[in-house]
Amino acid sequence: MENYQASENQPGLVERFLRYVQIDTQSDPQSTTNPSTEKQKDLSRVLVQELFDLGITDAEMDEWGYVYATIPANSEKSNIPTICFCSHVDTSPDVTGAGVKPIIHRQWNGDDIILPDDPTQLIRVADHPDLTSQIGNDIITASGTTLLGADNKAGLAEIMAATAYLLAHPDIKHGRIRLLFTPDEEVGRGTEKVDIAKLGADFGYTIDGESLGTLEDETFSADAVKITIQGVSTHPGFAKGKLENALKIAADVLAVLPKDALSPETTEEKEGFVHPTRLEGNQDKAVLEFIIRDFTEVGLQEKETYLQNQLNDVLANYPGSSAQFVVKEQYRNMKDVLDQHPAVVDNALEAIRRAGLSARRRSIRGGTDGSRLSFMGLPCPNIFAGEHAFHSRQEWVSVQDMQKAVEVIVNVAQVWEERS
């Protein structure tokens, strides 16, 4: 294996990626600012400068940390739709992204991968079945104490490398291409400040998927639920018959959730879930936060009704207490939009096939910026970036998969030009 030291004079795909992951861009779900952390702009500024260095003249970062740029059309055709390639700069708040030390495991031999800074972090092939197709490839991991940041810095590096390739090869004809790099995708706010009119694109692609050759055109629909419990507080020495502890009420709500169903750890494929993500408070007042997921609106509403009913049943045992149940929409299943624009999916599948890959359509048990962009007027499926085991210290990506993603991005631009 090889420890990488960033080098500013190596502009290639891998060098870009390894440089980006060493910039801490973790977002913060508790922040109320845009972006949620200022440090995300550190990478956005780097991207703008690199775009200028490539010859892009209109690259800019706005006040919210969004990066916009244009690859001008070089085709004589005037009817080519403007397409957008999008990735996000932030990394998950679940695991620290500070002090990332990327490691390249050259020509990986198929053995389990030990991460040296914490040998208990072992990437077992048995736990990562996608690794079985990577023998002989170059695998990049972190060192064991941080996440890697392939989600979504692999996508950033791939878009940047494809941009460099297109600009250096004017013989590859394409229409106008817009680039969009967003903050705060990991905390569900990646599109809050996108200026769709300014972006000026007809169709888009997030480069934020997992396995080689996959195109994701369906996501969960997603809501957040915030339950605020108002208990009855009194001095514990004189509490008999009076105290109704808000923390215990919250614990009762959690306790009635099923242990063998309706949770992320017990569901798969098209099954949704009710997932508690945060609990805070004291005996007087407690806040419980949930994310609700399902592939259909009906399923989403059924799960919210279920949770409301469980809360009501618990509160029946605490006559002096009350609760607020607030639902906030996060994103919706982008398939509802994409099915109305089949070319955006068909052209991407053709681009994947041209890269010599078996093109596979998949559903995401999650969401992307493309989910919300699709409902904002930019139909936007998700193309693989090669990232695996995201949001964990065992995150990994294959150099060869990243190279194929670059090829697919270039192919997408060509296919749109040819079919227009």
Side-chain angles (χ1 to χ4, degrees), residues 26-32 36 90-95 151 184-192 218-231 244-318 321-334 363-369 371-372 375 390-392:
Q26 194 174 42
S27 48
D28 179 3
Q30 303 309 316
S31 170
T32 59
S36 66
D90 66 313
T91 59
S92 170
D94 295 342
V95 180
D151 178 13
D184 285 338
E185 190 267 358
E186 296 291 2
V187 295
R189 308 208 305 259
T191 63
E192 275 193 1
E218 182 174 21
T219 62
F220 272 141
S221 287
D223 283 343
V225 171
K226 182 177 182 179
I227 298 174
T228 303
I229 298 167
Q230 181 61 61
E244 295 181 3
N245 189 322
L247 284 174
K248 287 188 174 181
I249 298 172
D252 285 353
V253 173
L254 294 177
V256 298
L257 296 178
K259 303 294 189 295
D260 57 356
L262 214 59
S263 63
E265 62 269 28
T266 60
T267 54
E268 61 183 350
E269 297 180 352
K270 293 294 187 72
E271 299 172 319
F273 53 74
V274 175
H275 179 46
T277 58
R278 188 164 174 258
L279 168 62
E280 67 173 12
N282 52 37
Q283 69 175 18
D284 179 59
K285 185 177 181 179
V287 175
L288 260 175
E289 295 182 0
F290 292 81
I291 58 173
I292 313 296
R293 299 292 187 264
D294 199 277
F295 281 93
T296 68
E297 292 270 352
V298 171
L300 204 63
Q301 292 166 7
E302 288 174 348
K303 290 171 178 57
E304 289 159 7
T305 300
Y306 166 82
L307 183 59
Q308 177 78 73
N309 290 339
Q310 298 306 307
L311 172 65
N312 293 342
D313 288 348
V314 168
L315 284 174
N317 300 314
Y318 300 92
S321 300
S322 61
Q324 288 184 321
F325 188 97
V326 178
V327 178
K328 180 180 179 182
E329 180 178 318
Q330 293 183 309
Y331 56 84
R332 290 295 179 260
N333 188 343
M334 63 185 177
S363 301
I364 315 171
R365 284 181 59 82
T368 70
D369 278 342
S371 304
R372 294 188 66 180
F375 284 90
F390 12 72
H391 301 195
S392 78

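Small disclaimer: the values here were computed from a predicted structure and weren't measured. Residues take their numbers from the sequence shown, with the count starting at 1.
- Checking R293 against T267 by side-chain atom types alone, no donor-acceptor pair falls below 3.5 Å.
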Q. Given R372 and E192, is the side chain to side chain contact (heavy atoms under 4.5 Å, CB included) satisfied, shown in steps?
A. CA-CA 9 Å; R372 294 188 66 180; E192 275 193 1; 4.2 Å; yes

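- Between the CD1 atom in I229 and the NZ atom in K285 there is a gap of 11.5 Å [rounded to 0.5 Å].
- Scanning both residues, Q283 and N245, for their nearest heavy atoms gives CA-OD1, 3.3 Å.
- Judged as a ring-ring contact (aromatic ring centres under 6.0 Å, His included), not a single pair has a partner in residues 252-271 (not counting sequence neighbours).
- Taking 4.5 Å as the limit, some side-chain heavy atom of L315 sits within range of a side-chain heavy atom of I249.
- You'll find the side chain of D252 reaches within 4.5 Å of the side chain of Y318, heavy atoms only.
- Proximity of a side-chain donor or acceptor of T219 to a complementary backbone N or O of G367 within less than 3.5 Å is not detected.
- In terms of modelled atom types and a separation under 3.5 Å, the side chain of Q301 and the main chain of V298 share no donor-acceptor contact.
- The CZ atom of F390 sits 12.0 Å away from the CG atom of D94 when rounded to the nearest 0.5 Å.
- L262 is not listed as a side-chain neighbour of L257, based on a closest heavy-atom distance of 4.5 Å or more.
- Of all non-hydrogen atoms in S221 and N333, the two that sit nearest each other are OG-N, 3.0 Å.
- More than 12 heavy atoms of other shown residues, nucleotides or ligands fall within 6.0 angstrom of atom CD in Q30.
- A donor-acceptor contact shorter than 3.5 Å is absent between the side chain of R278 and the backbone of K226.
- Counting only distance, with no hydrogens or angles, the side chain of D184 and the backbone of R189 share no donor-acceptor pair below 3.5 Å.
- A side-chain donor-acceptor contact under 3.5 Å links Q230 to the backbone of D284.
- Scanning all heavy atoms of the two residues, the minimum distance from S27 to V187 falls at OG-CG1, 3.6 Å.
- Smallest separation of non-hydrogen atoms from A246 and G231: CB-N, 4.0 Å.
- Not a single donor-acceptor pair under 3.5 Å links the side chain of D90 to the backbone N or O of Q26.
- The two residues S263 and T266 have their closest heavy-atom pair at OG-OG1, 2.8 Å.
- Between E186 and D151, the closest side-chain pair of non-hydrogen atoms falls below 4.5 Å.
- Heavy-atom minimum distance, L311 versus A323: CD2-CB, 4.0 Å.
- Counting only residues at least two apart or in different chains, ring-ring contact (aromatic ring centres under 6.0 Å, His included) contacts with residues 254-307 comprise F220-F273, F220-F295.
- With rounding to the nearest 0.5 angstrom, the CZ atom of F325 is 8.5 Å from the CG atom of N312.
- Using a cutoff of 4.0 Å between basic side-chain nitrogens and carboxylate oxygens, E218 and K270 are scored as salt-bridged.
- Between the S92 side chain and the H391 main chain, no donor and acceptor come within less than 3.5 Å of each other.
- For residues 297-315, every residue pair satisfying the salt bridge (Lys or Arg N to Asp or Glu O under 4.0 Å) rule, not counting sequence neighbours, is listed here: D294-K303, E297-R332.
- Annotation for K328: atom NZ does not count as buried by contact number, only 12 or fewer foreign heavy atoms lying within 6.0 Å.
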